[in-house]
Structure formats: C-alpha cells, structure tokens
Amino acid sequence: MSLLEVRSLRAGYGPVEVLRGIDFHVDEGEVVVILGANGSGKTTTLRALSGMVETSGEVVFDGRSIAGARPEQVAQAGVAHVPQGRGTVTDLTVEENLRLGAYTRRDKEVGTDLERWYEMFPRLAERRQQQAGGMSGGEQQMLAIARAMMARPRLVLLDEPSLGLAPLITQGLFRTLGDMNRDLGTSMLVVEQNATLALAIATRGYVLETGEIVVEGTATELAGNDDVRKAYLGI
Amino acid sequence: MTVFLSQIMNGIQNGVIYASLGLAIVLIFRTTGILNFAQGEMALFSTYVTWELTRLGLPVWLAIIVSMILAFIGGALIERIVIRPFEQSSPLVLVIVTIGLFLAFNALAQLFFGVEAKALPRAYPDRNWLIGGVSLRSDTLVLIAVLAVECLLLWALLQRTKVGLALRAVASNADSARLLGVSAATMLMLGWGLAAALGCLAGALVVPTTSGLTAGSMQGILVFAFAGVALGGFDSPIGAVVGGLIIGIADALTRQYVPALAGIEIIVPFGLILVVLLLRPQGLFGHVKVERV
C-alpha cells in the first residue's frame, strides 16, 4: 500500500474549480515530482492535501483518510508542508521557528535534532538568535526545510522550493533534498517548474495541466518524453 | 523636594493603574495581533461580577479568583463567537468589532448592575505610610507587586514555554503555524481568555482605590492605558508598565508645576508620546518587524 494515495481529488476556490479530479500516489521512501506551468494547479494540489482549501475526493495517508481534515490535523498525522513563499514566522527567531517545527512531537530529542539541522545548515546556526524575517530568500528556504524536518515527518510536501532563488542556491537545495531522502528515507512530494533539477532527484513524476494529470511515469521516462522536454526542459 | 517626591508618588499610583490594564492590551496584541478597544469594558463587567460575588458572601480575594476564571472563559467565548467570524476581515473591521464590544459591555453592565456607584472592598488592609513626608499607600505597593509578578509570568509563558511559542507563532503567521500542527483556533481563544482574566484582576484591584464602581470607571483608565502601551511598545509587557508609569508621572508633575496648563494637563503626556513615536515608532521597548522578501 502506498504511503499517500489520492483518488479523484477535486479542489477550488469558491466557484472556480482548479483541480478536476486527479489521481496519484507516493510510496514509502519515494521522491515524487508534479510538474506544471503557472496556474496548472500545483500549489492547489498541496493545499488540498493539507486541508487549506475546499476539496472532495479520497486522500489516504498511512492507511488513514485525511480528506477534509484541518491543516493542524494533517500535520499531526505526519505530513510536513513547506509552503510557497516559505511560510517563515518572521517575528520569531530562527531557533524558535525550528522549535515550532517540533510542535507536534512529545519526545525529548528535540534538542538533538536541532543540533543535527544546524550541522546540516551552518548558516542557520550562525543566525539562530536572529529574527527569521531578516534572512535572505535562500536562508529562509533552508529554514523552512529544516523546520519541516524537525517534525520528523513521514512525508514532506514542497511547494516550488526553487521559486525566487539564484540558480546556484537552487542546485545546492535540491542536492540537500536528495541527500535527506537517501539518508533518512523521508518521502517527498515536490511541485516544481524547474523540471531538470526536480527530475534529477525524483523517483517518479506527474505532469499537471489545467487541473488534470496528462502524463505520468518514472523520472527517466518523463525526462525522455518529447512533450515534457519541449514544455518543461526547454529542449 | 517633598512636594516633588509626593507628586512622583502620585504619578506612580496612577501609572500602575494604567499599566495593569495596559498589560492585558499587550497580551492580546502579542497573542492575536488585535488591539482590543473593549479591554477596559470587559474588565469593568468582570469587576461587577467580582462585586456581585462579594455580595453573595465570598471573601474579596476568592471573589477575584473566581471572577478571573469566569473572565477567562468569557474571553475565550467572545473570541469564538464574536471575533472568529471576522477572522479573515481587515484589521479595520476588527477594530470596529471591538468598539462594538466596548459599547455592548458598557450597556450590559448598566443593564445588569444599575447606574449607582458600587463599593468594592480591598482584598488587603488599606494603609498609608509617611516616609520623609511622602505618603506611600498599600494600594500602590500591592499593584506594583502584582504587576511585577504578572510581567514575570507573562515573560515566562511567552518566551519559555511551548504554548507561548505557539501563541506568538499564531499571532505572527497563523497559516504557517497551522501547517506545523498548531491549532490556531485554540491559541486565539487562549489569548483572549488570558487577557480577559488579567483585565479582571486589574479592574478588581483598581476599583477599590477609586470613588466606586460605575459604568464609566474604566473609560478614563483605558485611554491612559492605551497611551502607556503606545509609548512602551504594543508588543512589550515591560513597555506597558514603563509606559503607564511615565504617563502617570508626567501627568502628576504637570498638574503641580505647570499651572498654565490647568485643565488640559493631558497634553503633556500625549506630547511626550508624539515625540517618542516620531523618534521610535515601535515604542520604547517594542520590536521592529523585520521582513525581507
């Protein structure tokens, strides 16, 4: 059974339907990427999983239905969501943001994890007492990812992690995501426009067009698909 | 010199009153991002409840504790029933809603408890010491002690506990906090409940030092409490206390030494606020919002 199983998911804002019934799944340990242009429904897909928009359809996570659950309940079930724009809590310090990431945990190892992520992202360690809102976009994206990992999630949802970042920083970021998946086995669902980088770390992928899934396959298949190459790889 | 010190003491006496209500205003702002203009009238109403409980035979201190608990529940319910429907509205709409609450609580207080002044006894002995010609009242000492404890507890709650972290996170970025597993709804109710309880304590301690409890008891105090909070910084408990004290002392000294301003002494503390906010818009102890995009 898949870790996340989504069937005929529909979502929208008021009368506007953005997702018109999509099916996909994420298996344990996979990195799954959803490619799509602006307005295709990528962000809405993640927001629908987290209960931030009105939805219908089936969403089963780890054997339990989370369709219609509130965002905090989805988080408590073990899904971490790195939202578009990074969701930095600007008035808190870097360390407070990270501790907030561990809000759902009841164990005593939060401090240990904190040190681990400081080791992984030394920039965050240097700025631990700074107000998080004052950091650069790249640093805030690192913070958002480390904060999501502080929850020890089973699945991480990443909404366009490359948005607004310099190419070199984006490359480093995706390398880190790949490492995290390999070393910790954390499953990831990434929505991206930057297909090259996303497919490089992905196991499988889907292409979303105006609210419907039009292509699906392994990362290698997608990278070799002519339509995908034309539309998203600029080849 | 004695006159000067006496006036300072008068100022402190009033300042601690402003500060005690100011703390409730700061707490609600820190935890929900709302400026609650009804804070004074909520305190007024719960002070009437304290008074009613003493009439039923409860000792004053017990009446204060029970009415604080009731105020906590009432504050949480107000958030849930009155504020929640406007959660997505603009801050201006919320300001209007709290002004509506202000009017509603004032009217309800008059409806339930009548218009004649009520005498609420002190929970402690009324003493007055003369130290070098300056009078020091037990009222002032009690309020200072209570403020100190409140500041310490608030600081510990907000800066040292997981709940405090969640409260601040929801005030700053509710969507993000929810994605991290924080129930924003619970935190907002908690913030309103705690502020209502603090306001109740402020009312129950302040009213016995005045000429009696009437529907207008809190209005003058609310204006000065807001002034003190603006001066000290809306997000700083210490700022509310220092701001309240400065307002109280400036007012008292103006009364004594600037007879030309008799009747309009109030312009001195407010002029002071104007200058401070021009130089330091976040207030003396407030934090600047840092945000890069």
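Chain identifiers are assigned alphabetically (A, B, ...) following the order of the sequence lines, protein sequences preceding nucleic acid strands; residue numbering begins at 1 within each chain.
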Colleague: Among B:Leu180, B:Asn173, B:Asp175, single out the residue with the greatest number of heavy-atom pairs under 4.5 Å to chain A.
Modeller: B:Leu180
Colleague: Got a second to check how far A:Arg70's CZ is from B:Ser183's OG, nearest 0.5 Å?
Modeller: 6.5 Å
Colleague: Which heavy atom in A:Tyr103 sits nearest to a heavy atom in B:Ala166, and how many Å separate them?
Modeller: CE1-CB, 3.6 Å
Colleague: More than 12 heavy atoms of other residues, nucleotides or ligands under 6.0 Å from CD of A:Glu119: is that the case?
Modeller: no
Colleague: As an exercise, state the distance from CZ of B:Arg168 to CD of A:Glu96, rounded to the nearest 0.5 Å.
Modeller: 4.0 Å
Colleague: Has the side chain of A:Glu72 got a donor or acceptor atom that lies under 3.5 Å from a matching backbone atom of B:Arg178?
Modeller: no
Colleague: A:Met52 and B:Leu179: side-chain contact (heavy atoms from CB on, under 4.5 Å), yes or no, with the steps?
Modeller: CA-CA 9 Å; A:Met52 300 188 83; B:Leu179 286 177; 3.6 Å; yes
Colleague: side-chain contact (heavy atoms from CB on, under 4.5 Å) with B:Leu165: which of A:Leu100, A:Asn97, A:Val89?
Modeller: A:Leu100
Colleague: Is it the backbone or the side chain of A:Ala132 that comes under 4.5 Å from a heavy atom of chain B, or both, or neither?
Modeller: neither
Colleague: Answer yes or no: are there more than 12 heavy-atom neighbours, outside A:Glu115 itself, under 6.0 Å from its atom CD?
Modeller: yes
Colleague: Can you find a heavy atom in the side chain of B:Ser172 that is under 4.5 Å from one in the side chain of A:Thr90?
Modeller: yes
Colleague: Verify the neighbour count for atom CZ of A:Arg152: are there more than 12 heavy atoms of other residues, nucleotides or ligands below 6.0 Å?
Modeller: yes
Colleague: Can you tell me which portion of A:Arg105 sits under 4.5 Å from chain B's heavy atoms? Options are side chain, backbone, both or neither.
Modeller: backbone
Colleague: Please check if the number of heavy atoms outside A:Leu168 that lie under 6.0 Å from its CG is greater than 12.
Modeller: no
Colleague: Any chance CD of A:Glu54 has more than 12 other-residue heavy atoms, nucleotides or ligands included, within less than 6.0 Å?
Modeller: no
Colleague: Going through the distances and angles, do A:Thr88 and B:Ser176 end up as a side-chain contact (heavy atoms from CB on, under 4.5 Å)?
Modeller: CA-CA 7 Å; A:Thr88 312; B:Ser176 258; over 6 Å; no
Colleague: Would you mind checking which part of B:Val163 comes under 4.5 Å of any heavy atom in chain A, side chain (CB onward), backbone (N, CA, C, O), both or neither?
Modeller: neither
